[in-house]
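Presented below is the structure to which this report refers.
We name chains A, B, ... by the order of the sequence lines, and we start the count at 1 in each one.
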Number of protein chains: 2
Amino acid sequence: MRGTARGVVDADELAVLKRLALDGGFKGTHKTSCSDLGETLEVSTQTASRRLQRLEELGLIDRDTVADGQWIAITDDGRQRLHAEYTDYRRLFEQGTRIELAGAVESGMGEGKHYVSRPGYMRQFRDRLGYEPFPGTLNVGLTEASEQRRGGLSSLDAIRIDGFETADRTFGPAVCYPAQLIATDVQYDQAHVIEPERTHHAADSIELIAPDRLRDVLALADGDQLRVVVTDA
Amino acid sequence: MRGTARGVVDADELAVLKRLALDGGFKGTHKTSCSDLGETLEVSTQTASRRLQRLEELGLIDRDTVADGQWIAITDDGRQRLHAEYTDYRRLFEQGTRIELAGAVESGMGEGKHYVSRPGYMRQFRDRLGYEPFPGTLNVGLTEASEQRRGGLSSLDAIRIDGFETADRTFGPAVCYPAQLIATDVQYDQAHVIEPERTHHAADSIELIAPDRLRDVLALADGDQLRVVVTDA
DNA sequence: ATTACTAGTTTACGAGTAA
DNA sequence: TTTACTCGTAAACTAGTAA
């Protein structure tokens, strides 16, 4: 027998419901077809058709099939089911502490690139942050109030980057904090604040790393305002 | 053939990953067993076992099986996959009820004061907004992207302010939306966006009212950047 | 207890096709 | 073009069992 109880939406069907919602059926009605849907979900039109039928049976969507497709509206039950899922994910990602810093983009002194691109660090970034950062840092000069708040970073759980030695010199350990960046009209979720581990001087700026060149993806120039939401690792 | 491509987590597996995360594997490591997991997921222990194996193959979890169960930790890839899901659901539930506009403070033409201070409006502000606004409005010129989003305001629940007539003339109805204002380092929660009810022209700026003179409490001058988070009433 | 293999069964899939 | 049926097949399931 199948595991899920009768009348309960299974994971595949829920994924379809989410897709429909994202594509516009969340508020109001939205036109699609089984072949369209099958393509985005990477299943056959037959499967798409069957899943829509089942979502309708479960009372999660209302349908109006016409000659060239169908109009779909998500019911209150459907919205409720999606909201339950939303709540689960919020529990995962919103429970930690968050510290909001504000400041202006400033030109770094080029050191960032030198350090970040060292293989000894790069390897750890890939393993512990989940990506290889763009070889360079974005420097943000903090406002006075943010300078105060910056001290709170040490209370967050950090991702530790170990120091190492080369023939020439020693590279010290560092710590990273997950950060969400909010520019005027764009938002970016995959960045990290990075700072030397044992330094509490010069707290008037922070350095950011990310898989992308932040100046490009956020369309930033020197002096642009940026809000940085730092969270627990 | 099955629909999903090799190497891609399917909906069932993702549901297991979420379950593991919620049960404690999200930060650090967490002990469970196939029978435990099978029970909460309403599948057999065999299926639970297989799904865990597959999540491990996909690199989404690390496992350490011991005599009486197994220790599970979600990998960075796993967290990333969950975060992608979280982002989807946020788009569904935070977009509709929350519209973020950005712009720069601009000098109004003094009309705001004239209208807002009319007793016929003031009485309603006190009753329906819970305060008597400062007699004047703060005008915010929107960025291009925010002009686009501004249209979404009409999908929010508004507070209606009725029109009325005096001996001289007619004052039309208006609508208000609760708004949170975010200046560089100060935040203000008690403001409202106000606009004439039946006007969809000139969407390049918004007007704000609040119990206080916003230019004072937020230390704003013409041209200063301001973020306006508009929510449902 | 566990995990996970093998075997047999059920379910879900895509192809073909009718309306 | 659509949606949704039937049908043969492949995948995923549960039961039984070994380690």
Side-chain angles (χ1 to χ4, degrees), chain A residues 1-20 23-25 29-75, chain B residues 1-20 23-25 29-75:
Chain A
M1 202 183 72
R2 201 82 207 297
T4 43
R6 179 188 303 284
V8 176
V9 65
D10 76 15
D12 282 328
E13 289 151 2
L14 186 63
V16 179
L17 188 63
K18 190 193 79 172
R19 184 76 265 149
L20 292 170
D23 289 347
T29 206
H30 155 240
K31 180 132 180 245
T32 187
S33 75
C34 292
S35 42
D36 273 6
L37 199 59
E39 227 169 279
T40 59
L41 294 167
E42 299 184 70
V43 296
S44 66
T45 57
Q46 295 89 333
T47 295
S49 171
R50 233 180 302 105
R51 292 203 182 151
L52 288 175
Q53 288 176 63
R54 183 139 164 100
L55 285 174
E56 189 179 28
E57 279 169 27
L58 292 168
L60 302 177
I61 61 171
D62 286 331
R63 293 199 300 162
D64 183 15
T65 64
V66 291
D68 63 338
Q70 50 194 298
W71 292 91
I72 291 179
I74 293 176
T75 63
Chain B
M1 202 182 71
R2 202 79 207 300
T4 45
R6 180 189 302 284
V8 176
V9 66
D10 76 15
D12 283 327
E13 289 151 3
L14 187 63
V16 178
L17 188 63
K18 191 195 77 172
R19 185 75 264 150
L20 292 170
D23 289 347
T29 207
H30 155 240
K31 181 136 179 237
T32 187
S33 76
C34 291
S35 43
D36 273 6
L37 199 58
E39 225 168 282
T40 58
L41 295 167
E42 299 184 67
V43 296
S44 65
T45 57
Q46 294 88 334
T47 295
S49 171
R50 227 179 319 100
R51 292 203 183 152
L52 289 175
Q53 286 177 62
R54 186 141 159 88
L55 285 175
E56 189 178 28
E57 279 169 28
L58 292 168
L60 302 177
I61 61 171
D62 286 331
R63 294 199 298 162
D64 183 16
T65 64
V66 292
D68 63 339
Q70 50 194 297
W71 291 91
I72 291 179
I74 293 176
T75 63

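- Taking the side chain of A/Val43 as heavy atoms from C-beta on, and the options C/dT3, D/dT14, C/dG14, the nearest nucleotide is C/dG14.
- Remark: the B/Glu39 side chain and the B/Ser35 side chain contain no N/O donor-acceptor pair separated by less than 3.5 Å.
- The two residues A/Ile61 and A/Thr75 make their nearest non-hydrogen contact at C-CG2, 3.7 Å.
- Rounded to a whole Å, the CG atom of B/Asp12 is 10 Å from the P atom of C/dC13.
- Following rounding to the nearest Å, B/Arg50 (CZ) and C/dT3 (P) show an atom-to-atom distance of 14 Å.
- D/dT3 atom P lies 12 Å from atom CG of A/Asp64, rounded to whole Å.
- The side chain of B/Thr47 lies closest to D/dC13 when the candidates are D/dA4, C/dT3, D/dC13.
- Put simply, OG1 on B/Thr32 and CH2 on B/Trp71 are 10.5 Å apart, with the number rounded to the nearest 0.5 Å.
- Nearest to the side-chain atoms of B/Gln46 among the listed nucleotides C/dT3, C/dC5, C/dC13 stands C/dC5.
- Per the geometry, CG belonging to B/Leu37 stands 9 Å off P belonging to C/dT3, to the nearest Å.
- Toward the 5' end of DNA chain C, the nearer of the two residues B/Gln53 and B/Ser35, judged by each one's closest nucleotide, is B/Ser35.
- Rounding to whole angstrom units, CD of residue A/Glu57 and P of D/dA4 are separated by 11 Å.
- From A/Leu20, atom CG reaches atom CG of A/Leu41 across 8.0 Å, with rounding to the nearest 0.5 Å.
- Following rounding to the nearest Å, A/Arg63 (CZ) and D/dT2 (P) show an atom-to-atom distance of 15 Å.
- In this structure, B/Ser49 reaches the bases: a heavy-atom distance under 4.0 Å links it to at least one base atom across the strands shown.
- If you check D/dT1 for Watson-Crick or wobble pairing at under 3.5 angstrom, you find it has no partner at all.
- One interatomic measurement links the two molecules: CG of A/Asp10 to C1' of C/dA12, which rounds to 10 Å at whole-angstrom precision.
- Side-chain atoms of A/Ser33 lie closest to D/dT3 of the nucleotides C/dG14, C/dT3, D/dT3.
- Screening B/Arg54, B/Lys18, B/Arg51 for a side chain to side chain donor-acceptor pair (under 3.5 Å) involving B/Glu13 leaves a single residue, B/Arg54.
- Atoms CG (A/Leu52) and C1' (D/dT2) sit 13 Å apart, rounded to a whole Å.
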